[in-house]
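Chain naming here is simple, since letters A, B, ... match the order of the sequence lines and numbering starts at 1 in each. The basis for the numbers below is simple: all heavy atoms, side chains too, and nothing from hydrogens, waters or symmetry mates.
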Number of protein chains: 2
Amino acid sequence: MALTVGDLARASGVNPSAVRFYEAHGLLSAERTSGNQRRFQDADVCRTKVIRVAQRVGLSVAEIRQVLDDLPPDPAPGDWRRLAESLVAEAHRRISQLQQVLGEITGGEKLCELEEPAGLLPDRLRSSGRHLA
Amino acid sequence: MALTVGDLARASGVNPSAVRFYEAHGLLSAERTSGNQRRFQDADVCRTKVIRVAQRVGLSVAEIRQVLDDLPPDPAPGDWRRLAESLVAEAHRRISQLQQVLGEITGGEKLCELEEPAGLLPDRLRSSGRHLA
DNA sequence: CTAGGAGTTCAACATTTGTTGAAGTCAACC
DNA sequence: GGTTGACTTCAACAAATGTTGAACTCCTAG
């Protein structure tokens, strides 16, 4: 059963314009009717939901395209599973990065010297003895 | 000791154009010389580093402005500490969100039906019996 | 005092991720 | 076969986050 842009959009919770955008950027692909209208597959509903989840994980459209390019058209359950695992891995990577930032905030280096007596900035980084006039 | 745009940029590891951008958006503020050149304070080096860290946490410039607006000019160590704590809290929030996405990927709902025999899409979501001609 | 590097403003460009509107075409239902 | 809602393309706009360039001015060093 072929889905129109509107069908797919409704079923996956996005705007039709977003569906067209994803197709234009190679995240989705569609057959065309003789009158040039798009017809999607049922599996594209899943594909589209994956796109949205991947975006929430923090992937750009280009990155999502990469991971979806490994997905055969009409994928088997194992294909979806591998895709899910790769998203999980990516999410863990993003969490690690956030935890690293946490470390930088709370950690030893203090992000800044919290005191500011006299020479906060090493003089060699200063272009010269600027004043305010 | 007043810092020029270039001084501040070098000391905090950003581009001078970014410094001007941050000032234009209220994240930084500067005195002006009689010849209209910006002069920043030493504390602005810290401020700018905080901006970059906050961005890595995922805050937008508008959001960073909010948290920086609570910061007095020439802040005391306690002010920096409170700011750091609020960034830490925000980072934890982002981590939680990622973990929630993780739950959605691996969790019960399966994100999609992994089987696709016949009726993946409930018929009432389909606009009608579309074919491909 | 003057030269030259660094500063100024402003507009344009760049990228990402879409949305909106106009003008025109399709296709499902009666 | 008509009507009408949904589709098509294309261009323009939008917001965020800057960068780049032109044209011009400043200020520090010598």
Distance, rounded to the nearest Å, where [X] contributes [atom1] and [N] contributes [atom2]:
| X | N | atom1 | atom2 | value |
| --- | --- | --- | --- | --- |
| Asp7(A) | dA6(D) | CG | P | 11 Å |
| Phe21(A) | dA11(D) | CZ | C1' | 16 Å |
| Arg65(A) | dT15(C) | CZ | P | 17 Å |
| Leu3(B) | dG7(C) | CG | C1' | 14 Å |
| Ile64(B) | dG18(D) | CD1 | C1' | 13 Å |
| Glu23(B) | dT8(C) | CD | P | 8 Å |
| Arg10(A) | dC7(D) | CZ | C1' | 12 Å |
| Leu28(A) | dT17(C) | CG | P | 14 Å |

Self-check item: Residue whose nearest DNA chain D nucleotide is more 5′ - Val5(A) or Ser17(B)
Solution: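 It is Val5(A) whose nearest nucleotide is closer to the 5' end.
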
Quiz prompt | 5' precedence on DNA chain D between Asn36(B) and Arg52(B) (nearest-nucleotide basis) | solution =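 Its nearest nucleotide lies further toward 5', so the answer is Arg52(B).
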
Quiz item: What distance do Leu87(A) atom CG and Arg94(A) atom CZ have between them, rounded to the nearest 0.5 Å?
Solution: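 One finds 10.5 Å between CG of Leu87(A) and CZ of Arg94(A).
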
Quiz prompt | Gln55(A)/Arg52(A) under side chain to side chain donor-acceptor pair (under 3.5 Å): CA gap, chis, key distance, verdict | solution = CA-CA 5 Å; Gln55(A) 286 185 318; Arg52(A) 297 320 295 238; 3.1 Å; yes

Practice problem: Answer yes or no: does a side-chain N or O of Tyr22(A) lie under 4.0 Å from OP1 or OP2 of dG18(C)? | Solution: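 Answer is yes, contact under 4.0 Å.
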
Quiz prompt | N/O (side chain, Arg39(A)) to phosphate O (OP1/OP2, dC26(C)) under 4.0 Å | solution =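 Checking dC26(C) against Arg39(A), no side-chain N or O comes under 4.0 Å of OP1 or OP2.
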
Quiz item: Between Arg39(A) and Glu23(A), does at least one N-O distance fall below 4.0 Å, as a salt bridge requires?
Solution: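 Glu23(A) and Arg39(A): not salt-bridged.
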
Quiz item: Under a 4.0 Å N-O cut-off, is there an ion pair linking Arg93(A) with Glu63(A)?
Solution: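 A salt bridge is absent here (no side-chain N lies under 4.0 Å from a carboxylate O).
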
Quiz item: Taking all atoms of both residues into account, what is the closest heavy-atom pair of Ser12(B) and Leu8(B), and its distance?
Solution: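 In this case the closest contact between Ser12(B) and Leu8(B) is OG-O, 2.6 Å.
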
Self-check item: 5′-ward residue of the pair Ala18(A)/Pro16(B) relative to DNA chain C
Solution: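 The answer here is Pro16(B).
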
Exercise. Without swapping roles, check the side chain of Arg47(B) against the backbone of Leu27(B) for a donor-acceptor pair under 3.5 Å.
Key: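 Between the backbone of Leu27(B) and the side chain of Arg47(B) there is a qualifying donor-acceptor contact (under 3.5 Å).
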
Self-check item: Selection from dC7(D), dA27(C), dG7(C) that lies nearest to any side-chain heavy atom of Gln37(B)
Solution: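 Among dC7(D), dA27(C), dG7(C), the one nearest the side chain of Gln37(B) is dG7(C).
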
Quiz item: In residues 54-63 of chain A, which ones come under 4.0 Å of DNA chain C, going by heavy atoms?
Solution: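 Hits under 4.0 Å, by residue number: Gln55(A), Ser60(A), Val61(A).
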
Quiz prompt | Ile105(A) and Val50(B): CA distance, side-chain angles, deciding distance, side chain to side chain contact (heavy atoms under 4.5 Å, CB included) verdict | solution = CA-CA 9 Å; Ile105(A) 297 173; Val50(B) 166; over 6 Å; no

Quiz item: With sugar-phosphate meaning primed atoms plus P, OP1 and OP2, does Arg38(A) contact a base, only sugar-phosphate, or nothing at under 4.0 Å between heavy atoms?
Solution: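 Result for Arg38(A) = sugar-phosphate.
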
